[in-house]
Amino acid sequence: MSIDKSESLNFLEEIIENDLKTGKHGGRVLTRFPPEPNGYLHIGHAKSICLNFGLADKYGGMTNLRFDDTNPVTEDVEYVDSIKDDIRWLGFEWDNEFFASDYFEQLHQFAIKLINKGLAYVDDSTPEEIAAQKGSPTVPGEESPYRNRTVEENLRLFAEMKDGKYKDGEKVLRAKVDMASPNMLMRDPVIYRIKHAHHHRTGDKWCIYPMYDFAHGQSDSIEQVTHSICTLEFIHHRPLYNWFIEKIEIFPSQQYEFARLNLNYTVMSKRKLLQLVNEGYVAGWDDPRMPTISGLRRRGYTPASIRDFATRVGIAKRENVIDFGLLEFCVREDLNKIALRRMAVLNPLKVTITNLTDTFHELLPAENNPEDPSAGLRNMTFSNEIYIEQDDFMLNPTDGFFRLSPGSMVRLKNAYIIKCEDVVKDGEGNLTGLKCSYVPESKSGQDTSGLKVKSVIHWVNAKDCVDFEVRLYDRLFLVENPQNEEGDFKSYINKDSLKIVDNAKGEQALATDEAGQYYQFMRLGYFCPDKSSSKDKLIFNRTVSLKDGFKKK
RNA sequence: UGACCGAUGGUGUAACGGUAGCACAACAGAUUUUGGUUCUGUUUGUCAAGGUUCGAAUCCUUGUCGGUCAACCA
């Protein structure tokens with residue numbers, strides 16, 4: 001718990017530091033992360049997780065994980081498990097694991113207490129009638145004809161609701177607040193509804209379930225959460241949150257709101273992400289193009305890079321759209337320090353070294369990571385037949401292209417300088433290979449040739465390289481803000497967001513490295529094995545390309 | 001024709017009445033056996049109009065613009 005005056009604080013840190021200073025809650029800080037188990041977590045949740053756990057960590061507090069499972073029809077244990085996996089993978093461990101459904105008994109008692117205080121009533125109106133009673137933001141609501149039932153009648157009816165005497169939708173319990181409030185949420189909100197549905201934890205014990213507003217704040221209060229942090233759209237719920245806590249007379253947790261994360265070229269609502277999954281636009285919640293935590297993990301993002309991103313985007317109350325490039329910056333920065341360097345060629349072009357015999361074989365040492373000498377060296381094999389990248393050769397080089405072209409020289413990374421002597425074409429005039437000579441005295445680290453070349457390119461030994469598949473990903477959407485465009489957001493999906501390269505060639509180490517590595521394929525980008533990759537069929541996902549300093553016109 | 005929240009470079013975010021700073025992006029240069037990394041430098045900003053004050057991004061007023069709210073979702 002260090003409070004450094006010179007560091008700038010976000011508004012939540014200011015609130016907490018002020019609470020600490022005034023001794024509120026005896027200096028205790030308790031936050032919570034409250035997902036509903038009805039979908040997978042996404043990068044926006046990661047921001048919230050980092051915020052809640054980060055704040056507790058910074059100020060010596062604790063964080064609970066609480067599943068907000070008050071709607072059994074959309075929730076499932078599959079989601080509970082994935083959420084826990086994702087939080088742990090991000091690097092956080094919660095102090096307590098709770099479920100709002102743990103509190104159904106207490107919540108039920110709270111409802112009875114409100115009825116007894118004349119602050120809640122059973123309403124027989126239909127959903128349409130209730131909606132009509134609510135009025136509109138500019139027109140005050142009108143009271144339900146059932147609003148003034150006696151306490152005894154409300155108690156009896158509510159008990160009958162609980163006992164399953166009524167069908168779904170037949171009756172609801174409403175809080176008696178103020179039908180004329182300018183805040184729509186205060187116009188006698190529904191707090192309990194009948195759902196004869198099986199709950200993933202309480203089974204068939206209940207057929208009435210509390211609404212969000214009647215569960216969230218009370219759950220915070222039961223746990224004695226001090227700082228209940230949520231996103232901006234809940235700001236209108238705060239008066240209700242406080243009203244229930246005041247009327248039920250329980251621990252005064254307080255709600256604070258911050259702006260949710262928006263990322264350009266993607267969507268960030270569980271409902272929309274679910275559509276992409278269900279309608280087959282992506283391969284699943286963990287498709288590497290998805291902004292889900294599981295998708296980013298499969299794509300090759302590191303936990304550290306996501307935490308760093310969550311810090312860099314900042315915490316404030318204004319709407320924001322973060323450039324996807326910032327996420328890419330964060331992952332490149334992390335991967336640059338830890339990724340093993342390997343050589344791979346995505347679009348192979350055969351090169352025959354003319355002044356080397358067919359039996360020539362040499363081992364050449366190569367650094368595993370120039371940013372980290374402790375990563376050591378591995379050997380690459382070299383022979384008279386290699387593959388280079390097609391993009392590294394131009395028959396008629398444009399201005400500023402300083403790789404290989406007829407007559408030019410480049411260095412093969414960690415190996416020798418070669419000179420392009422001739423091109424090989426098939427019967428139809430298509431380029432099928434190159435003939436190059438190598439300079440024996442130009443060996444990497446022992447170069448006595450005195451030659452200076454403008455470029456260094458990657459390569460693999462054609463005699464022992466491994467074949468594999470590479471999946472290249474691009475942004476999922478063609479427009480920056482798909483949900484703000486006309487029509488269906490799915491019509492803006494980028495059809496070319498996945499490109500499969502099935503004839504990539506890699507150096508032998510790729511076949512023998514232990515699983516689960518983060519790689520940089522030299523000059524190409526950062527890659528990781530896909531979860532479907534096996535010894536028999538290697539498959540790599542491109543996490544992100546390297547920054548390209550060579551801007552082609 | 002309501003209520004609430006917000007407005008600082010292209011994008012984010014600081015400055016808490018006293019020099020508008022930082023990061024990403026962009027651009028230029030240096031270094032480089034990855035056109036990567038690293039390093040240096042440059043461009044770009046306080047929504048508007050009034051007011052308070054010696055002094056306003058900051059306080060006040062009005063306006064403008066953006067967001068949110070009318071699920072038996074969370």
Side-chain angles (χ1 to χ4, degrees), chain A residues 7-10 14 34-36 38-39 68-71 73-75 100 123 125-127 130-141 168-174 181-187 189-195 208-209 211-213 215-216 230-239 257 259 264 270-271 311-323 325-330 332-333 336-337 341 343 367 370-371 400-403 410-415 417 442 444-445 447 453-458 520-525 545-552:
Chain A
E7 130 197 73
S8 72
L9 303 174
N10 65 50
E14 284 184 5
E36 183 189 13
N38 68 343
D68 235 333
D69 56 347
T70 58
N71 185 4
V73 301
T74 58
E75 296 155 8
D123 195 330
S125 306
T126 64
I130 289 177
Q133 288 161 16
K134 287 224 167 151
S136 76
T138 53
V139 180
D168 287 10
E170 213 172 319
K171 285 180 166 47
V172 291
L173 184 70
R174 287 228 255 171
S181 171
N183 181 345
M184 300 294 293
L185 288 162
M186 299 297 271
R187 323 246 261 225
V190 171
I191 58 179
Y192 261 95
R193 77 289 213 187
I194 301 169
K195 273 182 194 282
I208 56 171
Y209 292 94
M211 298 286 290
Y212 166 84
D213 285 302
H216 199 101
C230 62
T231 46
L232 245 33
E233 64 269 27
F234 288 96
I235 199 160
H236 303 291
H237 294 251
R238 184 160 29 127
E257 310 85 15
N264 59 9
K270 279 195 274 188
R271 214 192 96 255
T311 303
R312 286 174 185 268
V313 297
I315 300 297
K317 298 187 75 164
R318 78 184 79 121
E319 292 293 328
N320 60 84
V321 182
I322 307 292
D323 195 322
L326 183 62
L327 226 201
E328 295 183 331
F329 166 81
C330 291
R332 283 190 187 110
E333 188 175 60
N336 179 50
K337 292 181 299 194
R341 270 56 172 180
M343 293 223 221
E367 288 175 296
E371 306 292 321
F401 180 83
F402 38 83
R403 278 114 70 176
V410 294
R411 172 175 291 282
L412 299 174
K413 175 74 183 173
N414 296 127
I417 290 173
S442 68
S444 228
D447 187 349
V453 293
K454 280 189 290 187
S455 188
V456 178
I457 66 172
H458 60 277
Q520 182 196 106
F521 291 168
M522 301 286 287
R523 302 206 308 130
L524 293 176
S545 64
L546 251 29
K547 241 173 91 176
D548 191 1
F550 175 58
K551 51 254 159 224
K552 41 238 158 193

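Below, chains carry the letters A, B, ... as their sequence lines are ordered, and counting in each starts from 1. Computed from a predicted model, the values in this text were never measured in an experiment.
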Q. Between B:rU34, B:rA70, B:rA3, which nucleotide gets closest to the side-chain atoms of A:Pro182?
A. B:rA3
Q: Would you mind classifying the nucleic acid contact of A:Lys454 as base, sugar-phosphate or nothing, using non-hydrogen atoms under 4.0 angstrom?
A: nothing
Q. Do any N or O atoms from the side chain of A:Asp213 and from the backbone of A:Pro189 form a donor-acceptor pair under 3.5 angstrom?
A. no
Q: Would you indicate which nucleotide in B:rG12, B:rA70, B:rA74 comes nearest to any side-chain atom of A:Ile322?
A: B:rG12
Q: Classify the nucleic acid contact of A:His237 as base, sugar-phosphate or nothing, counting any heavy atom under 4.0 Å across all strands shown.
A: base
Q. Looking for any heavy atom pair under 4.0 Å, which part of the strands does A:Asn183 touch: base, sugar-phosphate only, or nothing?
A. nothing
**Q.** Structure string for RNA chain B in dot-bracket form, Watson-Crick and G-U at under 3.5 Å, | interchain
**A.** .((((((..((((....[..)))).(((((.......)))))....(((((..]....))))))))))).....
Q.
Distance check needed: B:rG2 P versus A:His236 NE2, whole Å only.
A. 15 Å
Q: Flag the pair A:Glu333 and A:Arg312 as a salt bridge only when some basic side-chain nitrogen lies within less than 4.0 angstrom of an acidic carboxylate oxygen.
A: yes
Q) For A:Arg318 and B:rU13, is the shortest distance between a side-chain N/O and OP1 or OP2 below 4.0 Å? A) yes
Q. Is the distance from OP1 or OP2 of B:rC73 to the nearest side-chain N or O of A:Lys270 less than 4.0 Å?
A. no
Q: Could you tell me whether A:Gly445 contacts a base, only the sugar-phosphate backbone, or nothing, with contacts defined as non-hydrogen atoms closer than 4.0 Å?
A: base
Q: Would you indicate what A:Glu257 reaches in the nucleic acid, counting non-hydrogen atoms under 4.0 angstrom: base, sugar-phosphate, or nothing?
A: nothing
Q. Would you say the side-chain atoms of A:Gln520 and A:Arg332 include a donor-acceptor pair closer than 3.5 Å?
A. no
Q) Counting only side-chain N and O atoms of A:Arg238, is one of them less than 4.0 Å from OP1 or OP2 of B:rC4? A) no
**Q.** Among B:rA14, B:rC72, B:rA74, the one nearest A:Ser8 by side-chain distance
**A.** B:rA14
Q.
Over all strands shown, is A:Gly400 touching base, sugar-phosphate only, or nothing at heavy-atom distances under 4.0 angstrom?
A. base
Q. Is any N or O donor-acceptor pair between the side chain of A:Ser444 and the base of B:rU33 shorter than 3.5 Å?
A. yes
Q) Using 4.0 Å as the upper bound for N to carboxylate O, is an ion pair formed by A:Asp168 and A:Lys195? A) no
Q: Taking only the side-chain nitrogens and oxygens of A:Thr70, find out if one of them lies under 4.0 Å from OP1 or OP2 of B:rC73.
A: no
Q: Remember a base hit wins even if backbone is also touched, and classify A:Asn414 as base, sugar-phosphate or nothing at under 4.0 Å, heavy atoms.
A: base
**Q.** Rounded distance (Å) that lies between atom P of B:rA26 and atom CZ of A:Phe329
**A.** 12 Å
Q: Tell me whether the OP1 or OP2 atom of B:rA74 has a side-chain N or O from A:Arg193 closer than 4.0 Å.
A: yes
